[in-house]
There are 2 protein chains.
Amino acid sequence: MTATEETQDVPWGDVTPDAARRLMVAAVEAFAERGYHATTTRDIAGRAGMSPAALYIHYKTKEELLHKISTLGHTKAVNILATAADADGTAADRLAQAVRSFVIWHAGHHTTARVVQYELDALDAEHRAEVVQLRRQCDAAVRRILDDGVKSGEFEVPDIPGATLAVLSLCIDVARWFNVQGRRTPDEVGASYADLVLRMVGARPRS
Amino acid sequence: MTATEETQDVPWGDVTPDAARRLMVAAVEAFAERGYHATTTRDIAGRAGMSPAALYIHYKTKEELLHKISTLGHTKAVNILATAADADGTAADRLAQAVRSFVIWHAGHHTTARVVQYELDALDAEHRAEVVQLRRQCDAAVRRILDDGVKSGEFEVPDIPGATLAVLSLCIDVARWFNVQGRRTPDEVGASYADLVLRMVGARPRS
DNA sequence: CCGACCGGTGAGCAAGCGCTTAGTGGCTGT
DNA sequence: ACAGCCACTAAGCGCTTGCTCACCGGTCGG
């Protein structure tokens with residue numbers, strides 16, 4: 001799976017009806033570009049080619065729209081990391097795969113990722129708590145790999161929670177700086193970051 | 001210099017008069033907590049114990065306030081990195097010092113850092129261009145260290161621009177996740193991150 | 001003793017916000 | 001052919017926003 005397969009891979013590909021999906025895509029673009037609070041419902045509707053009132057046929061509030069985007073995005077993130085963590089292979093293979101695919105997603109879908117990672121505070125308390133649960137699952141998946149690697153002697157990590165945080169942090173920040181006009185493709189960044197992370201955890205052949 | 005020295009080290013310690021500084025501190029807190037667009041001028045003035053109109057005696061607009069905060073913060077960041085880059089010692093020493101002090105600042109002043117790193121888009125075009133120039137100087141300082149380390153054989157880095165980006169990225173993201181209630185102190189995170197970065201660049205004794 | 005000065009306030013303006021409601025036009029099943 | 005339905009719109013409501021302005025009270029030179 002590469003980041004250029006947009007048609008089927010888009011997280012909200014199965015959002016129906018068509019108008020609801022167009023509104024969601026418009027909202028993701030607007031939120032990523034200007035931020036949730038700087039985006040107006042008129043802007044979202046306008047990008048989707050509809051009147052402002054049309055938004056409220058498909059979504060109860062502007063916040064519900066953000067909540068749906070955030071939940072879909074976080075679910076995708078959990079899937080990516082859990083798939084890599086639960087795969088067969090050495091801890092190094094699984095860590096490299098986790099970082100590579102997570103980074104490719106953050107770069108390839110950096111608009112969605114930006115909303116998912118940086119607009120959490122705009123959710124109301126209940127919705128935020130829901131999403132925080134999904135984030136804990138991301139953390140758990142990476143920690144599982146690092147635990148295994150330390151146990152098998154592949155990794156040398158003095159502080160596993162700290163290293164987990166650092167690995168996720170490095171990947172997440174890709175959403176902030178990645179630019180489509182830039183020189184790097186998502187695949188290149190993914191490969192490069194997988195290497196950097198293996199060095200961070202002191203990876204070496206299984207002893 | 002540790003992160004607990006607040007009195008003299010605060011970036012806006014020399015902002016005068018007193019009321020202007022109180023407004024700035026209030027704005028930093030509010031922007032960091034809720035984001036620029038979600039913060040009202042009434043909120044800022046209220047936190048500073050003043051009426052909404054008082055803000056406009058000291059600042060022309062809400063955006064000017066953000067601009068001043070952003071400029072002061074970025075100047076501090078450039079100073080930290082340039083000081084480390086231009087110090088004596090091996091490339092490894094200078095890189096460790098750059099990462100340590102940069103991370104300590106991001107953790108210790110994580111409210112300021114959050115505004116500096118994540119509210120860039122809220123600046124108008126002219127002010128943003130100004131601040132982007134300062135960011136380039138941050139990049140240049142780190143790149144200088146990596147260049148030296150590769151030349152001297154201390155580091156093994158296949159892609160210097162990419163590694164520069166990754167190092168800064170790791171440090172910057174500290175502002176997003178760092179929490180005062182958390183277990184880690186700024187100094188601990190700084191030391192831990194300096195180690196991680198040295199591993200990332202494949203640091204080894206000078207050959 | 002007093003007038004000029006100036007940091008600060010209370011009240012409020014125009015604009016823009018999220019969201020609602022009454023009404024419309026184009027499909028659908030019979 | 002036509003009634004029922006529903007996605008969608010035009011208009012606009014109530015409110016908050018960034019910002020302004022007429023006014024106030026303490027301080028200070030003469």
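All values reported here derive from a predicted model rather than from experimental measurement. No hydrogens, no waters, no symmetry mates; every other heavy atom, side chains included, goes into these values. Labels below follow one simple rule: chain letters A, B, ... track the order of the sequence lines, proteins then strands, and each chain is numbered from 1.
Nearest-nucleotide positions on DNA chain D for B:L55 and A:G49 put A:G49 closer to the 5' end. In terms of position on DNA chain C, the residue among B:M50 and A:E63 whose nearest nucleotide sits closer to the 5' end is B:M50.
Following rounding to the nearest Å, A:Y36 (OH) and C:dC17 (P) show an atom-to-atom distance of 14 Å. Residue B:R21 contributes atom CZ, which lies 16 Å from atom C1' of C:dG7 at whole-angstrom precision. The distance from atom CG of A:D43 to atom C1' of C:dG16 is 13 Å, rounded to the nearest whole Å. Taking atom CD1 of A:I57 as the reference point, atom P of D:dC6 lies 12 Å away to the nearest angstrom.
The pair A:D147-A:R143 does not count as a salt bridge, with every side-chain nitrogen at least 4.0 angstrom from each carboxylate oxygen.
Within the structure, every side-chain polar atom (N or O) of B:T41 is placed at least 4.0 Å from both OP1 and OP2 of D:dC19. At the phosphate of D:dC8, OP1 or OP2 sits under 4.0 Å from a side-chain N or O atom of A:H58.
For the pair B:K62 and B:Y56, the cation-pi test (distance below 6.0 Å, angle within 45°) is failed.
Listed nucleotides C:dG18, D:dC19, C:dG8 differ in distance to A:Y56; the shortest reach to its side chain belongs to C:dG18. With D:dC19, C:dT9, D:dC8 as the candidates, the nucleotide lying closest to the side chain of B:K62 is D:dC19. Side-chain proximity of A:P52 to C:dG8, C:dC19, D:dC8: nearest is C:dC19.
Contact annotation for A:T40: backbone-only contact, meaning every heavy-atom pair under 4.0 Å involves sugar-phosphate atoms and none involves a base.
Donor-acceptor pairing under 3.5 Å, judged by distance alone, is present between the side chain of B:R42 and the base of D:dG18.
Aromatic pair A:H37/B:H37: ring centres not closer than 6.0 Å.
The side chain to side chain contact (heavy atoms under 4.5 Å, CB included) test with A:C138 is passed by exactly one of A:T164, A:I80, A:V78: A:V78.
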